[in-house]
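All chains are named by letter (A, B, ...) in the order of the sequence lines, taking the proteins before the strands, and each is independently numbered beginning at 1. Below, all heavy atoms of this structure are taken into account, side chains as well, without hydrogens, waters or symmetry copies.
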Amino acid sequence: MLDAVLLILREVLEAALILSLLLALSNKLQLSYRWSFFALLVGVAGSWLLAHYAYDIADAIDGAGQELLNAALYCAVIISVILLGMLILPLAFAPAKNISPARNVAPNQHRLLYLLFIIIFSFSLMREGAEIWIYLSAFDHKAEAMSSALIGAAVGAGIGMSLGAIIYYVFAFLSRNYFLPIFITVITLLAGGLSMQVAKQLMQIGLLDSDAPLWDSSFLVNEHSWLGELLYALVGYDSRPTPIQGIFYLLTITPILFASIWHAWRLRGNAHE
Amino acid sequence: MKSIRGFLVIVLLAIVTLANFAAALRGYLGSMDEAERLFNQRMLQQVDLLNYTLPQWREQTSARADVLLFPARTSDAEASLEFQWVTQDGKLLARSAAMPEQVVVPLVEGFRFVNFHHYRWHVLVAPSADQKSWFIVAERADQRYRLAESMILQAVYPMVLAIPVIGLIIWWVLGVGLKPVTNLAHELRQREATDLHSLNQQDMPAELVQLTQSANDLLRRLDASFAREKRFSGDAAHELRTPIAALKIHCDNLMQELQPAPASVLKLKQGIERMSYLVEQILLLNRTAPDHFMGTFEPVNLTRLAKQAIVDQSDALELKHHRIEFNGDECWVSGDRAALTSLLNNLLGNAIKYTPDGGRIAINTWLRGRDVVLEVMDNGPGIPDGERERVFDRFYRLGGDRHNSKTPGCGLGLSIVRQVVDLHAAHIALTQSRYGQGLLVMVTFVASAVTDADAKKANHNKSLDHKAATNETNN
């Protein structure tokens with residue numbers, strides 16, 4: 001049961017965190033929540049399909065199908081997160097006195113925002129969900145073990161969703177001035193974590209060389225401990241990152257980091273005027 | 001936060017789930033440790049049992065040199081305990097059927113894990129009571145784990161199943177708790193816009209008492225303010241009627257006395273007429289206000305009223321050389337005759353006033369399914385799109401005081417029209433005239449079913465109208 005709890009919690013928590021963040025952003029930008037139902041539907045259906053054709057996918061492209069597909073899904077999410085960060089950054093750095101329209105997203109960008117929300121959440125859910133389906137399908141013919149796994153899954157999903165709900169309300173109750181910088185920081189870290197996973201997938205199929213890790217922080221926080229799992233779900237924690245993973249991480253966070261510095265510099269310039 | 005109930009249900013359920021599942025996990029881990037201890041205890045008891053039986057039995061069959069093989073249990077079991085009996089020098093004396101013929105672990109006292117026969121085994125090595133031999137008791141780790149877990153899961157199941165039940169209970173309890181808020185919102189929603197009586201404070205929970213009191217204070221102040229406003233405009237207009245009538249007479253007298261009348265007297269006369277018109281319009285606006293409308297609703301022949309309005313305004317039409325057209329079906333609506341007459345007079349009056357000399361005006365009444373559409377159309381300057389909503393505001397005139405039509409008006413005509421439309425639950429739309437330029441006003445009413453009695457009454461009224469018209473002509 002404990003294995004099921006940990007595995008499902010890790011997957012559900014990651015999806016719940018992404019959903020909570022995006023819903024809280026919708027709340028702050030006074031956008032509709034309807035996109036989440038559509039994204040949920042696409043994510044669940046997509047995850048089932050990925051799990052159902054898991055063997056075919058794994059055998060495709062000389063046995064590298066699974067890793068390449070995962071990397072593609074991660075990349076789509078990362079690009080969407082960076083685009084979203086670019087759209088939100090001007091709002092976070094808008095002078096506090098401006099009510100609108102500088103403090104809100106232009107109506108013609110709403111469609112793009114909804115599209116990014118759907119891609120980020122449904123693609124993440126597809127990946128996480130597929131792992132859950134595959135895990136549970138392993139107990140198909142073992143009724144006793146299946147019931148234990150299901151109970152574990154229910155406990156893991158319950159904890160993950162509860163934490164997601166609480167995170168959502170914490171963000172929703174935060175003032176906009178605090179929420180936007182926190183949101184941008186969290187999604188930047190999230191995108192950085194995902195980029196390390198892309199590197200990992202590409203290393204697994206030999207497209208990238210896996211060198212010695214940069215450091216080993218497993219003595220501090222083990223990846224498979226509760227805290228490690230939590231950090232993995234929140235910021236893609238890796239206790240033994242390789243130099244390639246580090247480069248991927250830096251490449252991912254650089255656009256948002258530079259854009260933030262540029263906006264901050266412009267805001268300062270405006271304040272002096 | 002879109003809903004207090006939704007927020008509380010989700011947050012409370014999340015907290016209960018977290019607490020419940022954290023307790024379940026804690027309980028699971030603790031129980032697994034305890035089960036481990038109990039199973040180890042059971043292995044030690046097994047060693048005791050072997051100690052009681054095997055040495056004596058071996059003595060009785062000491063002649064045997066081979067290994068004693070104990071048969072496997074015949075009945076199915078979820079878990080079984082297996083054993084080996086070994087001499088100090090590692091020679092196997094006896095074993096159960098599931099154990100191999102070799103000694104499975106080094107003879108060092110204690111518990112440990114060993115792999116054999118494709119399984120992982122939990123093994124206890126213990127010396128015999130006489131310290132001359134060793135007992136090795138083994139149990140399959142997977143069976144042991146499953147047995148312990150199935151026992152503990154019995155305690156975890158209800159905790160998981162309870163969550164949806166707890167969710168439903170929280171939902172229901174919060175619904176009951178928030179009932180006064182729902183009732184208050186319902187009471188406010190059900191109210192007519194003009195209903196300003198105080199909210200009921202009986203059985204109101206302490207949290208809502210202050211809110212209700214403040215709302216009641218506000219309603220009282222609003223009520224008093226509306227009453228003052230109503231009284232003031234009605235009374236002022238009514239009180240002004242008499243002095244204006246006197247002014248009119250004096251002005252006429254002055255014009256008679258000063259022949260030819262100077263320009264300033266003519267302007268005075270125009271001013272008095274304008275003031276008189278304004279007072280009449282204010283009174284009309286007051287009478288058609290929904291909160292003190294005194295009329296009676298009855299089936300009314302709208303087509304006839306429209307024709308009558310044309311007749312009533314024939315002088316003005318002639319003065320400006322307008323061409324008037326009338327088309328349409330015989331339409332009946334349920335309404336107040338006087339209010340509908342003022343609606344028609346105002347619409348037609350506006351068309352006459354604002355259409356330049358020699359213009360075209362049309363009045364149509366169409367029966368469209370269950371609707372009656374009244375159209376008043378002209379080829380005047382029309383109203384720009386952006387102004388079409390504002391023209392219904394009181395005292396609002398296109399172009400403000402410098403109205404380019406140079407026609408007298410007070411900006412109340414369309415406000416009166418809107419009030420009459422609202423009184424009849426009708427719908428008004430201002431659009432582009434079909435003449436190419438100008439305004440088309442469309443008022444859509446719900447058609448009224450006409451009975452024979454209504455038709456007779458209408459015919460009777462028609463003959464009375466005709467007689468009155470004849471008398472007027474004769475006079």
Is [X] atom [atom1] crowded by more than 12 heavy atoms from other residues, nucleotides or ligands, each under 6.0 Å away?
X	atom1	result
B/F113	CZ	yes
B/H427	NE2	no
B/R388	CZ	yes
A/Y33	OH	yes

Query - Which of B/V16, B/L25, B/V156 touches chain A most, by non-hydrogen pairs under 4.5 Å - result: B/L25
Nearest 0.5 Å please: distance from the [atom1] atom of [X] over to the [atom2] atom of [Y].
X	Y	atom1	atom2	answer
A/I151	B/I152	CD1	CD1	13.0 Å
B/T17	A/L163	OG1	CG	10.0 Å
A/S162	B/N20	OG	CG	10.0 Å

Requested in this report: Could you look at B/L18 and say if it's the side chain, the backbone, both or neither that has a heavy atom under 4.5 Å from chain A?
Outcome: both
Query raised in the report: Heavy-atom distance under 4.5 Å between the side chains of A/L2 and B/L29, does that happen here?
Result: yes
Requested in this report: For the residue pair A/Y168 and B/I10, establish whether any side-chain heavy-atom pair is separated by less than 4.5 Å.
Outcome: no
**Report entry** Closest non-hydrogen atom pair, A/I159 against B/F21
**Finding:** CG1-CB, 3.7 Å
